[in-house]
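All chains are named by letter (A, B, ...) in the order of the sequence lines, taking the proteins before the strands, and each is independently numbered beginning at 1.
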Amino acid sequence: AQSVSQHNHHVILSEAASLELGCNYSYGGTVNLFWYVQYPGQHLQLLLKYFSGDPLVKGIKGFEAEFIKSKFSFNLRKPSVQWSDTAEYFCAVKMWDDMRFGAGTRLTVKP
Amino acid sequence: DTAVSQTPKYLVTQMGNDKSIKCEQNLGHDTMYWYKQDSKKFLKIMFSYNNKELIINETVPNRFSPKSPDKAHLNLHINSLELGDSAVYFCASSQGRGPYNEQFFGPGTRLTVL
């Protein structure tokens, strides 16, 4: 079945630690990939997106993600997290009109 | 400037009631969506409209009926509310159809059915 998997349900880090959140998808063909962030009590906001070209994409707030086609992965990274990065992170895959989200990863950053 | 707005923000109601949630976007987009986010934060698409025409209709009970009076509005009406309908409902919009258009989300409506 077509799906988007985020393997880490809850990640807890200390400030300044490095972050990597996994995202794998199982759709065949061309896909477009997104990472959204949802801060506590707020709506989803776009962090970054990949359509084509350089597989390493940079987003807002120091986040980046790498698309590895052979692994069907689009992992999110940040070299040094801050307390304000505490939020829920969603990976999403879009084929045409249909956008599918992963189950989300909750990131807690301890000050 | 609110790009995608939803009303109400919170909705508490009894089982069996009928309620509506309104969504408006001022981005000039022509595609709008409704998503349901359950208590485990899982986000699932329910409906999508393009130029007031229904283009995505996931397996959703027919108690849920979207209505798009114009391109800027997509309302969600729910009949005979059930406990399992309790969730956060997000409206979103994008410029056109297709895979390249990111979606902009509203602030969400937290529906609690007692």
Side-chain angles (χ1 to χ4, degrees), chain A residues 1-11 21 23 25 27-53 57 59-60 65 67 74 86-108, chain B residues 1-7 9-10 21 23-25 27 29-51 53-60 74 87-110:
Chain A
Q2 298 173 333
S3 66
V4 181
S5 300
Q6 291 181 243
H7 308 294
N8 313 105
H9 179 63
H10 189 189
V11 173
L21 301 181
C23 174
Y25 62 94
Y27 297 99
T30 302
V31 294
N32 296 290
L33 300 155
F34 303 79
W35 274 99
Y36 281 85
V37 60
Q38 185 179 25
Y39 296 105
Q42 295 189 27
H43 61 285
L44 278 79
Q45 302 170 45
L46 183 70
L47 271 181
L48 48 80
K49 57 189 175 186
Y50 173 78
F51 295 155
S52 63
V57 291
I60 60 172
F67 171 55
F74 189 55
T86 294
E88 194 90 18
Y89 292 81
F90 293 91
C91 179
V93 173
K94 196 174 189 203
M95 282 67 66
W96 185 250
D97 294 317
D98 197 4
M99 180 177 269
R100 300 284 166 162
F101 286 83
T105 297
R106 189 196 307 173
L107 172 64
T108 302
Chain B
D1 268 352
T2 303
V4 184
S5 59
Q6 295 179 227
T7 52
K9 190 168 183 180
Y10 299 96
I21 307 172
C23 177
E24 177 181 2
Q25 53 93 5
L27 297 167
H29 291 167
D30 55 10
T31 306
M32 296 184 72
Y33 311 81
W34 276 110
Y35 287 87
K36 179 181 180 180
Q37 186 177 46
D38 63 23
S39 58
K40 295 184 178 178
K41 298 288 188 181
F42 185 66
L43 200 65
K44 187 174 180 192
I45 192 165
M46 300 173 69
F47 301 103
S48 176
Y49 269 73
N50 175 256
N51 282 320
E53 181 183 343
L54 182 66
I55 55 172
I56 292 176
N57 184 355
E58 288 293 301
T59 307
V60 175
L74 181 61
V88 181
Y89 292 84
F90 286 99
C91 178
S93 72
S94 66
Q95 180 53 51
R97 301 179 67 178
Y100 303 110
N101 302 309
E102 70 178 90
Q103 295 179 13
F104 293 79
F105 285 80
T109 296
R110 183 174 294 275

Select one option (side chain, backbone, both, neither) describing which atoms of B:Ile45 are under 4.5 Å from chain A's heavy atoms.
side chain
No hydrogens needed, just list the donor-acceptor pairs between chain A and chain B under 3.5 Å.
residue  : atom : partner  : partner atom : Å
A:Asn32  : ND2  : B:Pro99  : O            : 3.3
A:Tyr36  : OH   : B:Gln103 : N            : 3.0
A:Tyr36  : OH   : B:Gln103 : O            : 2.8
A:Gln38  : OE1  : B:Gln37  : NE2          : 3.0
A:Gln38  : NE2  : B:Gln37  : OE1          : 3.3
A:Lys49  : NZ   : B:Glu102 : OE1          : 3.0
A:Lys94  : NZ   : B:Gly98  : O            : 2.8
A:Lys94  : NZ   : B:Asn101 : O            : 2.9
A:Asp97  : OD1  : B:Arg97  : NE           : 3.2
A:Asp97  : OD1  : B:Gly98  : N            : 3.3
A:Asp97  : OD2  : B:Arg97  : NE           : 2.9
A:Asp97  : OD2  : B:Arg97  : NH2          : 2.5
A:Arg100 : NH2  : B:Glu58  : OE1          : 3.4
A:Arg100 : NH2  : B:Glu58  : OE2          : 3.2

Interatomic distance, CZ@B:Phe104 vs CG@A:Leu44, rounded to 0.5 Å, equals 12.5 Å
